[in-house]
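First the proteins, then the strands, lettered A, B, ... as listed; each starts at 1.
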Amino acid sequence: MIKKFVYSQKVAPYVFVLPFILIFLIFWFFPLVNSFVMSFQDRMLGQDPKWIGEANYSKLLTDKVFLTAIKNSVVYMLGTLVLLIPLPMLFAVMINSKLMMGREFFKSSFFLPALTSVAVAGTIFRLTFGEMEGSLMNSFLGLFGIDPIKFLKDGNWSMAALLILACWRWTGVNMLYYLSGLKSIDNEYYEAASIDGASAWQKFRTITMPLLKPTTVYVTTISVYAGLAMFTESLMMFNGNNSPKNIGLTIVGYLYRQGIEQNKLGYAAAVGIVLLVIAMVINLTQLKFSGMFKKEED
Amino acid sequence: MKKRSALISIVTLLIMSLFFTACGNASDSKTETQQLGANAGENATELSFWTFVDLHGKHLDKMLGLWNEQNPDKQIKLNVTVMPYDDMHNKLLLAVTSGKGAPDIADIELGQFPKFLEGDNVPLESLNDVFAPYKDVVVPSRVEIYSKADQVYGFDYHVGATLAFYNTEILEQAGVDYKTIKTWEDYKQAGIKVYEKTGKYLGTADTSATWQASLLLAQQNADFTDENGNPKVNSPEMIKAYEMLVDLQKNNVIHTIPGGQPDTEEAKGEYNKGNYASALMPEWYMSRFVNEMKDLNGKYAIAPLPVFEEGNPRSVGLGGTGTVVTKSGKDVQLAKEFVAFAKLSKEATTEIWNTLGFDPINMEVWKDDAVTKNPDNEYVQYFKTNAFDTLNEIKDEIRAIKSVKASPTIGNILNTVTLNAIFEDGQDVKEALDEAQAAIEQELK
C-alpha cells in the first residue's frame, strides 16, 4: 500500500514539494499572519494581548524616529545599489579576462571578508572610525594635517562608514554572482564582435551588460532586501542599537528596539509589516520594469 | 611603479582579510559560563546566574564559599554567565516573560528594572520574607527603587552615592586646590584655570548618559518625572541644569568625551591619558579606576560634589543593579535565601566593599573603620583620600531619582538625541528639551 502510494506518479510530485511547503507554512506564512494580527494588538510578552485596531499604524505615521529609521535604511539601500552592482560587475569582468594575472588569488581575497563574522568586522570598523586622535582613520588624516573627525556622530560620515563596511564585505559575493553569469555567455558573441572590429568597451556595453541582465536583476533584488534589512552592521558599528541622534537606526533596528528592548511586540509587528510592504513594493516595481514578469521569448 | 603599488594594496587587503577572518573565529566565545562553588558537595543544588558585570560574579563566588561553609545542608553550585549589557537584559526579558530559559538568579540594571515590573504578572519572585531581617539596617530608598506595591523584587549592590573624583596632579599644575571647590561657580573658575594652564578639561559634557542631569536635578530637589510618573524633562530645573553645563562647555571647563560619558571604554582611555581632570560619578566608579585606569593610581582624591548654592544636597544615589530571583527557577526559596545572604548580610556588605569597592546598602559597614580603612584594601590604597570620609560626611544628603515606567524611554531619547543636539550641535537648551518632552510623550502614547 505504502509502496503503491510512494511510487504513484500523481502523488510523488506532492511528496517532493512537501518539505518546501511545510517550511513555507511554518516559518513564513504562519509568522506572517501572526505578525499581521499582532500589529493590531497591544501585546507584551507575559501579559494578555489587547485588540486596539489600527492604533499602532496611526502612531507609526506620526513617529519621527520611525521616519528617521526608514530614511536611514532607504539611503543605505540605495548606496549599496549604487556601489555594490557596478563595482562587482567591473571586477568580475576584469577577473574573467584572460589577460588578468593571479585570478584565483583575487577571487579569494575579495571573498574572504564575507566569511568574517559581522560582529567582529563591525567592531573593528567602529574602532577604525573612532573619534579619538589615535583611531586608524584619524591618525591617517593626521598625516595630512587634518583635525580628527567624529565619524560616528555625524550622519553623513557614519553612513559612509556603513557603506564602506558593506562594500568591504559584499563586493566578493556579488562578484561571484557576476562571474557565474559571465561563464554562461557564449564566447562566439565576442569572436563575432571582434571580427566586426568592436572595441572592448563596445563589447562590454552591447554583449556583456545585456547578457548579464538576469544576474543584475537577481543582485538588485537581494541587495534591496539586504539593504532594507540591515541591522547587525549598525548595531556593531555604534556599539548598540542607540546611535547618537539615531543616525545609525535602521527599520529592523527600530523593530528590535520596540519589540525586544521595550517589549512592545504589537508596535514592533506593525513596523515589520511596513518593512515588508516597502520591500515588496520596491522589488515588485523593480522586477516589473526590468521585464522579469514577461514570458521569455522562445 | 604601478604594478608595485597594486601588489602592496593586494597584500594589505589579503592580510586584513585573513586577520578579520581569524578574529571571526575567536568572537564566538564572548558569552562565558563558569561554575562557582568549588567547596560545594556532590548533593549541592545547581543554580544559574546571569549578569553583565564580570566583577559581580567574583563577589558571588566569595559569598558562595561562605554560604556553603555555613549551610552544609543547603549547598549551592552557581553557573555564572556574563553577557554584554543590552544582550543580557534583552534575553532575560524574553526568558522571564515567556517563562522559558530564564536563570534562577539574575542582575537587572536599575534603568531596565521598570520593564520587568510592568503589568499584573510580575515574572520575578517577591523577596519580602528574606528581606525582613535586614529591613532596619539598609538604606530604604535603595530598596524602594526595586519594589512595586509593597513587594521587594531586587537587592542592590550599592547606594551609588555620587562623588567628585579629582586628578590632583593636574589640579596642582594649574594651582587649584580641589578642597576649595564648593559650588558650581568654584568649579567653573577652577576649570578655566586648568584649561589655561594645562590645556586639559576639568570635566566631561556627557552625551550618552544622564548622570549629570540626575545629580543637578537632585540638587534642586527635582526629578525627570512628576509625582504621577509622567515625564517632565523640559522643567525649569532641567533647563537651569543644562544651561549651566553649556556655560561650562563654552568656557572650556567641560568637553564632550569619546564614548559619550565617563563609564565607557573610550572615555576611560581618555582619563587614563590624563586628558580630563575630574569625574563626577557615583561611588561605584571607583572600581573602574582601580580595575581599568591603573595609570592613575595615587593621583585621585574624592570630595563632595559642587552645588548651586551651599546647603543644597550634595549627592544622589545613581545607577544600581537589583539581583532578582525568577519565578521559573528550580529552587526558588533557596535562591532567595542565598541572594539575601549575598547582598545584605554583614559578611556580604564587607565583601561588597572589599571586592567591588562599592558603598553597600547595609550602612552598618559604613561606620566600621576596620573594614573601610583597612590598609590592605586596594581601593584604600589607590585613592589619596578615603571614600568613606566623604560618604559619611554627605550620608544624610543622598537624594534619589525615581525609576518609573517612563524612565527607559526618557533615558533613551535624552541619551541618543537630546544631549548630542545640545553638546555636539549647540542646539538651544530649552528648544532641545521641549523637543525631547514631545518625543517622549509621543513614544509613551
Side-chain angles (χ1 to χ4, degrees), chain A residues 44-48 55 59 62-65 68 101-102 105-106 108-121 123-124 127 130-135 148 150 152-154 168-169 172 235 238-247 249 256-265 267, chain B residues 10-11 13-14 16-28 30 84-86 89-91 93-94 96-99 112 115-116 118-123 207-208 256-260 264-266 269-270 408-409 412-413 415-421 424-425 435 438-439 442-443 445:
Chain A
M44 294 172 80
L45 271 180
Q47 314 289 339
D48 296 328
K59 188 178 164 191
T62 53
D63 189 339
K64 282 185 190 162
V65 185
T68 308
M101 303 269 284
F105 171 74
F106 258 113
S108 48
S109 2
F110 273 118
F111 192 71
L112 267 174
L115 302 174
T116 310
S117 142
V118 65
V120 173
T123 309
I124 292 175
L127 298 174
E131 65 183 273
M132 287 91 76
E133 272 177 44
S135 70
K150 293 176 180 176
L152 300 182
K153 281 185 176 168
D154 177 281
W168 175 81
R169 208 167 138 74
L235 188 80
F238 292 98
N239 200 18
N241 199 19
N242 298 315
S243 46
K245 288 173 275 167
N246 292 316
I247 49 176
L249 185 70
Y256 184 78
R257 185 186 287 176
Q258 293 295 339
I260 307 294
E261 294 177 351
Q262 315 261 13
N263 196 8
K264 291 180 193 158
L265 291 176
Y267 196 55
Chain B
I10 292 164
V11 171
L13 193 73
L14 187 72
M16 279 178 78
S17 306
L18 284 174
F19 173 68
F20 285 6
T21 318
C23 291
N25 297 333
S27 73
D28 301 334
K30 212 174 173 186
Y85 177 91
D86 285 331
H89 286 100
N90 294 338
K91 278 185 184 158
L93 188 62
L94 277 179
V96 294
T97 47
S98 66
Q112 302 282 335
K115 290 185 198 170
F116 290 81
E118 272 191 40
D120 303 327
N121 319 317
V122 176
T207 53
S208 67
T256 54
I257 190 164
T264 57
E265 279 165 57
E266 296 94 326
E270 291 291 308
T409 308
N412 183 277
I413 287 174
N415 295 337
T416 53
V417 181
T418 315
L419 304 187
N420 277 291
E424 294 287 355
D425 303 344
E435 284 176 16
Q442 155 79 19
E443 175 105 23
K445 249 200 274 178

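For B/P123, no part sits under 4.5 Å from any heavy atom of chain A, backbone or side chain. Of the atoms belonging to B/E270, it is side-chain heavy atoms, and not backbone ones, that fall under 4.5 Å from chain A. Heavy atoms of B/N412 lying under 4.5 Å from chain A belong exclusively to its side chain. With a 4.5 Å cut-off on non-hydrogen atoms, A/K64 does not touch chain B at all. For a residue to count as touching a neighbouring chain, one of its non-hydrogen atoms must lie under 4.5 Å from one of that chain's; by this rule B/E424 touches chain A with the side chain only. With a threshold of 4.5 angstrom between heavy atoms, A/F111 does not approach chain B through any atom at all.
Note that CG of A/N239 is 9.0 Å distant from OG1 of B/T264, once rounded to the nearest 0.5 Å. Atoms NZ and OG1, on B/K445 and A/T62 in that order, are 4.5 Å from each other to the nearest 0.5 Å. A/L265 contributes atom CG, which lies 8.0 Å from atom CG of B/L94 (distance to the nearest 0.5 angstrom). Atom CE of A/M132 and atom CD1 of B/I257 lie 10.5 Å apart (nearest 0.5 Å). Here A/N263 contributes atom CG and B/F116 contributes atom CZ; the two are 9.0 Å apart, rounded to the nearest 0.5 Å. Distance CG/A/L45 to NZ/B/K115: 12.5 Å, rounded to 0.5 Å.
For the side-chain contact (heavy atoms from CB on, under 4.5 Å) with B/T416, the qualifying choice from A/L249, A/N241, A/N242 is A/N242, the only one to do so.
Within a 6.0 Å sphere centred on CG of B/D425, other residues, nucleotides and ligands contribute more than 12 heavy atoms.
Side-chain contact between A/Q262 and B/E118 is absent, with no heavy-atom pair separated by less than 4.5 Å. Taking 4.5 Å as the limit, every side-chain heavy atom of B/T97 sits out of range of all side-chain heavy atoms of A/M44.
A/E261 and B/Q112 share no side-chain donor-acceptor pair at under 3.5 Å. Side chains of A/K153 and B/T256: no donor on one and acceptor on the other come within 3.5 Å.
Residues A/K59 and B/E443 share a closest heavy-atom pair of NZ-O, 3.0 Å.
Between chain A and the residues B/V122, B/L93, B/D86, B/T418, the most heavy-atom pairs under 4.5 angstrom are made by B/L93.
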